[in-house]
Structures are given as C-alpha cells and as structure tokens.
Amino acid sequence: MPRTSNAMRRFSRTLALLTVLGLAQLALPATSAASPKTLARAVSNILFGPLDVLTSPIVAGKGIVTNLQDIDDTPGVRVAYTIPGFFWWTGVTIGAGVIRTATGILELVPGIFLVPFETDLKPLMPPVQDGGSLFEYENDYFPVKFGIDYTSAE
C-alpha cells in the first residue's frame with residue numbers, strides 16, 4: 001500500500017508544479033519578439049565561410065586589379081608586388097573564411113538558446129557585415145553573402 005500512496009503524492013506534486021508553470025505562462029506578456037539574428041548569422045557563416053575559401057583567388061585578383069588602378073606607384077613596383085600580393089591576399093581570405101566558419105560553429109549553440117528571447121550576441125567576426133563581397137542576397141531567413149573582401153570595408 002505505501003507505493004500507491006507515494007505514487008499519488010508524486011502525481012499530486014507534478015500536477016501542482018504543472019499548474020503553477022501554466023499560470024506563470026499566463027502572467028508573461030503576450031507579445032514577445034523573439035530574435036533569431038544570432039542563429040541566422042551562425043548558419044550563414046557555417047554555410048558561406050567555405051565558399052569564401054573557394055572564391056579567395058577571385059577576391060584577391062579583383063582586389064589587386066582595383067588597387068593597381070588606385071595607387072600612384074611606379075610601374076616597376078606595381079609589377080613586382082602583384083604576384084606576391086596575390087598570394088598574400090589569397091592566404092588572408094582563406095584564413096578569414098576558415099575563421100568565419102569557426103565563428104559560425106561557435107555562435108550556433110548560443111543562437112539556438114537565444115531564439116525565444118529579444119537579445120542577440122554581437123558578431124564574433126564583424127568584417128562579414130562590413131566587407132564588400134562578390135555575391136550578396138538579402139532574404140527573410142539569413143544573409144547570403146560570400147566572396148568577402150576581408151581586407152577592406154565597403
């Protein structure tokens with residue numbers, strides 16, 4: 001007989017707890033603006049960081065052509081620094097794409113937990129929002145942006 005009594009007490013306590021939690025839900029404000037920005041940024045960084053790595057030679061070539069038109073160096077200096085500059089710029093973009101992917105992974109779990117709340121984390125890698133890119137498309141879910149030039153701001 002004591003087992004039935006203990007089971008009834010547990011059931012009563014569980015029912016009381018659920019009732020209190022249900023009433024607490026009624027006391028919360030009805031309009032809550034959830035913010036999935038951190039999660040969207042994390043997903044975007046995970047998906048498009050590898051594309052930054054793949055497009056790094058294109059970004060480097062485009063940046064070098066743009067910079068060669070904007071600087072006032074002698075033709076010899078322009079030619080001498082073009083090839084090493086291309087490899088340096090490609091390496092920087094590859095490294096930044098890898099870091100972008102890693103920051104997306106780091107922001108994923110906090111982004112999932114922050115969805116029901118109105119708060120967001122600051123971006124771990126702000127150049128993704130600031131830099132120019134080869135491809136950019138805004139939508140309602142997450143930003144599609146890759147081929148980012150991490151060495152200069154827009």
Task: For V109, side-chain contact (heavy atoms from CB on, under 4.5 Å) partners two or more places apart - done: F113
Task: Min side-chain heavy-atom separation I148-R100 under 4.5 Å - done: yes
- [ ] List the atom of K122, the atom of E107, and the distance in Å for their closest heavy-atom pair.
- [x] O-OE2, 3.9 Å
- [ ] Kindly write out the residues that satisfy side-chain contact (heavy atoms from CB on, under 4.5 Å) with L39, not counting sequence neighbours, or none if the list is empty.
- [x] V43, L108, I112, V115
Task: Partners meeting ring pair (Phe, Tyr, Trp, His ring centres under 6.0 Å) with F135 (sequence neighbours left out) - done: F146
Open item on the list: Keeping S44 on the side-chain end and A40 on the backbone end, is there a donor-acceptor pair under 3.5 Å?
Closed with: no
Open item on the list: Going by side chain to side chain donor-acceptor pair (under 3.5 Å), name the residues that satisfy it together with T93, two or more places apart in sequence or in a different chain.
Closed with: none
Task: Closest non-hydrogen atom pair between G104 and A42, with its separation - done: O-CB, 3.4 Å
Open item on the list: I'd like to know if I105 and L47 are part of one continuous hydrophobic network [Ile/Leu/Val/Met/Phe/Trp/Tyr, side-chain heavy atoms within less than 4.5 Å].
Closed with: yes
Task: ILVMFWY cluster, Y81 and F86 together (side-chain gap under 4.5 Å) - done: no
Task: Where T101 and P50 come nearest, the two heavy atoms and their spacing - done: OG1-CD, 3.3 Å
Task: Shared hydrophobic cluster for I94 and L54 (ILVMFWY, side-chain gaps under 4.5 Å) - done: no
Task: Spacing of T82 atom OG1 and R78 atom CZ [to the nearest 0.5 Å] - done: 9.0 Å
Open item on the list: Which Ile, Leu, Val, Met, Phe, Trp or Tyr residues join V65 in one cluster when any pair of side-chain heavy atoms under 4.5 Å counts as a link?
Closed with: none
Open item on the list: Suppose we screen for side chain to side chain donor-acceptor pair (under 3.5 Å). Which residues come up paired with N67, at least two apart in sequence or across chains?
Closed with: none
Task: Linked, directly or transitively: F87 and V79 (ILVMFWY side chains, under 4.5 Å) - done: no
TODO: Go through the structure and list residues passing side-chain contact (heavy atoms from CB on, under 4.5 Å) with N139, not counting sequence neighbours.
DONE: Y137, Y141, V144
If you look only at distance, which donor and acceptor atoms sit under 3.5 Å apart when one is on a side chain in residues 55-64 and the other is two or more places apart or in another chain?
unit_1: T55; atom_1: OG1; unit_2: L51; atom_2: O; d: 2.8
unit_1: T55; atom_1: OG1; unit_2: D52; atom_2: O; d: 3.4
unit_1: S56; atom_1: OG; unit_2: V53; atom_2: O; d: 2.8

